[in-house]
Amino acid sequence: MKRILTIQDISCFGKCSLTVALPLMSSMGIETVILPTALLSTHTMFKNFTCADLSGQLIPITEHWKAEGITFDAICTGYLGTEEEIDTVIGIIDKFRNENTLVFIDPAMGDNGKLYPAFDEKYAKKNADLCAVADIADPNITEASFLTGLPYKETYTEDYVKDMLHALSELGTKMPILTGVSLSEGKTGAMGYDTAKKEFFCYQNDRVPAAYHGTGDIFSSVLAGAFVLGIDRTEAIAIAADYTAHTIAETLKNPENPWYGVDFEATIPELVDALRRIKK
Ligand code: PXL
């Protein structure tokens, strides 16, 4: 069984970061080891959330793992807290990485042209150091724009997406994958660039007309899981994009309209079926 380490916060209520990554990766048949960086009452889109910083625990926990001889097939990161924490996480990646380890970075820090409330531009730039050590990094267009300094655009051409991917690969990321990319009216998906092969790859599905919090984390968790399972890159983004779109569509049917996070629990069986179809 593949074993993945996921490093991000626990938002107790709100369906994002670890409370999404753990169930999704587990349901994909991957042993999922968590390293919580902070403990929040809710994610930061709620007012008055509490937050206990756990970054002082990261070194003692990972030193214990090292002493136990624990290894990982992949290390992935999501929402982190501070610039110092990013340095600590880079050190952890360095400590556990070998030639077969997949390092997957989701530089989760903003959406819709804006950074999340807890972050500033300095923090955003620091994420470029993290992307520099990534095999795969999957920013959305907002995050990519803060990482590269290229302007954020809501309407754009394929050339803009390709320029963004080139700029991300210049940070050092081997395979940047830009999410939330729409190449035609009514469509959305992702486009990636394989720097070694100098090849672009892309998947587009029908846009479900709704925006919910936490969908980026869902997409990333499934994408990272698919890569760890050895699924081909275009099929990996297709699985992640279809699962995310289907989950948003299901959530739209929920009369309680939970803006804070999507009903990903309802669609896990479809994810498992999609993986079974690929394995056949
Ligand atoms: O990646 C989304 C996310 C994760 N964790 C926390 C957040 C957010 C988005 O706002 O606040 C704590």
Side-chain angles (χ1 to χ4, degrees), residues 1-8 17-18 20-35 37 58 62 65-66 69-80 86 88-108 127-140 143-144 147 165 168-169 171-179 190-201 203 216-241 243-244 271 274-275 278-279:
M1 185 178 279
K2 295 286 186 188
R3 184 187 295 138
I4 196 166
L5 167 62
T6 169
I7 309 175
Q8 44 189 329
S17 40
L18 282 184
V20 163
L22 180 55
L24 284 176
M25 290 170 174
S26 296
S27 71
M28 295 173 83
I30 301 164
E31 180 181 353
T32 308
V33 179
I34 60 166
L35 186 57
T37 53
L58 304 185
T62 49
W65 290 344
K66 203 72 198 167
I70 295 168
T71 58
F72 306 103
D73 297 295
I75 301 172
C76 71
T77 72
Y79 185 105
L80 300 173
I86 290 180
T88 307
V89 169
I90 291 172
I92 292 169
I93 291 170
D94 198 42
K95 187 151 69 178
F96 285 92
R97 181 176 223 168
N98 63 37
E99 63 283 3
N100 299 318
T101 319
L102 176 81
V103 175
F104 185 107
I105 305 293
D106 178 7
N127 270 272
D129 292 352
L130 197 53
C131 290
V133 302
D135 293 306
I136 301 171
D138 74 333
N140 58 34
E143 291 155 350
L147 286 165
L165 285 166
L168 288 166
S169 69
L171 298 179
T173 306
K174 294 198 187 90
M175 194 189 289
I177 297 177
L178 200 54
T179 66
M191 186 168 188
Y193 181 60
D194 185 330
T195 39
K197 296 190 176 144
K198 296 196 170 27
E199 286 169 4
F200 289 97
F201 53 98
Y203 180 77
D217 293 357
I218 284 170
F219 182 91
S220 279
S221 301
V222 175
L223 187 64
F227 274 108
V228 176
L229 293 174
I231 293 169
D232 159 81
R233 60 197 190 184
T234 306
E235 194 138 41
I237 53 177
I239 286 186
Y243 176 69
T244 307
L271 175 62
L275 292 171
I278 287 180
K279 273 197 212 138

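Between Phe104 and Phe227, the ring-plane angle classifies as tilted under the 30° and 60° cut-offs.
Contact annotation: the side chain of Ile75 never approaches that of Val89 to less than 4.5 Å [non-hydrogen atoms, C-beta and beyond]. Residues Leu229 and Lys279 are not in side-chain contact: their nearest non-hydrogen atoms beyond the backbone lie 4.5 Å or more apart. Using a 4.5 Å heavy-atom cutoff, the side chains of Cys76 and Ile4 are in contact. Here the side chains of Tyr193 and Thr173 are not in contact, with every heavy-atom distance at 4.5 Å or above.
Checking Thr101 against Asn98 by side-chain atom types alone, a donor-acceptor pair falls below 3.5 Å.
Of all the heavy atoms in Met1 and Asp73, the pair that sits closest is O-OD2, 4.2 Å. Of all heavy-atom pairs spanning Pro176 and Leu165, the tightest one is O-CD2, 3.4 Å. Closest non-hydrogen pair, Leu18 versus Pro23, comes out as O-CD, 3.9 Å. Here the closest non-hydrogen pair linking Pro139 and Ala144 is CB-N, 3.8 Å. Nearest heavy atoms, Thr179 versus Ala190: CA-CB, 4.2 Å.
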Stepwise side-chain contact (heavy atoms from CB on, under 4.5 Å) test for Thr244 and Val222:
CA-CA 9 Å; Thr244 307; Val222 175; 5.9 Å; no
From CA spacing to verdict: side-chain contact (heavy atoms from CB on, under 4.5 Å), Val103, Arg97:
CA-CA 8 Å; Val103 175; Arg97 181 176 223 168; 3.4 Å; yes
Evaluate side-chain contact (heavy atoms from CB on, under 4.5 Å) for Ile7 paired with Leu80, printing each intermediate quantity in order.
CA-CA 8 Å; Ile7 309 175; Leu80 300 173; 4.2 Å; yes
Would Ile177 and Arg233 satisfy side-chain contact (heavy atoms from CB on, under 4.5 Å), going step by step from the backbone distance to the final call?
CA-CA 10 Å; Ile177 297 177; Arg233 60 197 190 184; over 6 Å; no
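Residues satisfying the side chain to side chain contact (heavy atoms under 4.5 Å, CB included) test with Thr234, not counting sequence neighbours, are Phe201, Asp232. Applying the side chain to side chain contact (heavy atoms under 4.5 Å, CB included) rule to Ala274 yields the partners Arg277; only residues at least two apart in sequence or on another chain are considered. Every side chain to side chain contact (heavy atoms under 4.5 Å, CB included) that Thr88 has, sequence neighbours left out, goes to Leu58, Ile59, Ile92.
For the pairing with Thr77, the side-chain contact (heavy atoms from CB on, under 4.5 Å) check across Leu130, Leu35, Ile90 returns one residue only, Leu130.
In this structure, Leu24 CG and Ile218 CD1 are separated by 6.0 Å, a value rounded to the nearest 0.5 Å.
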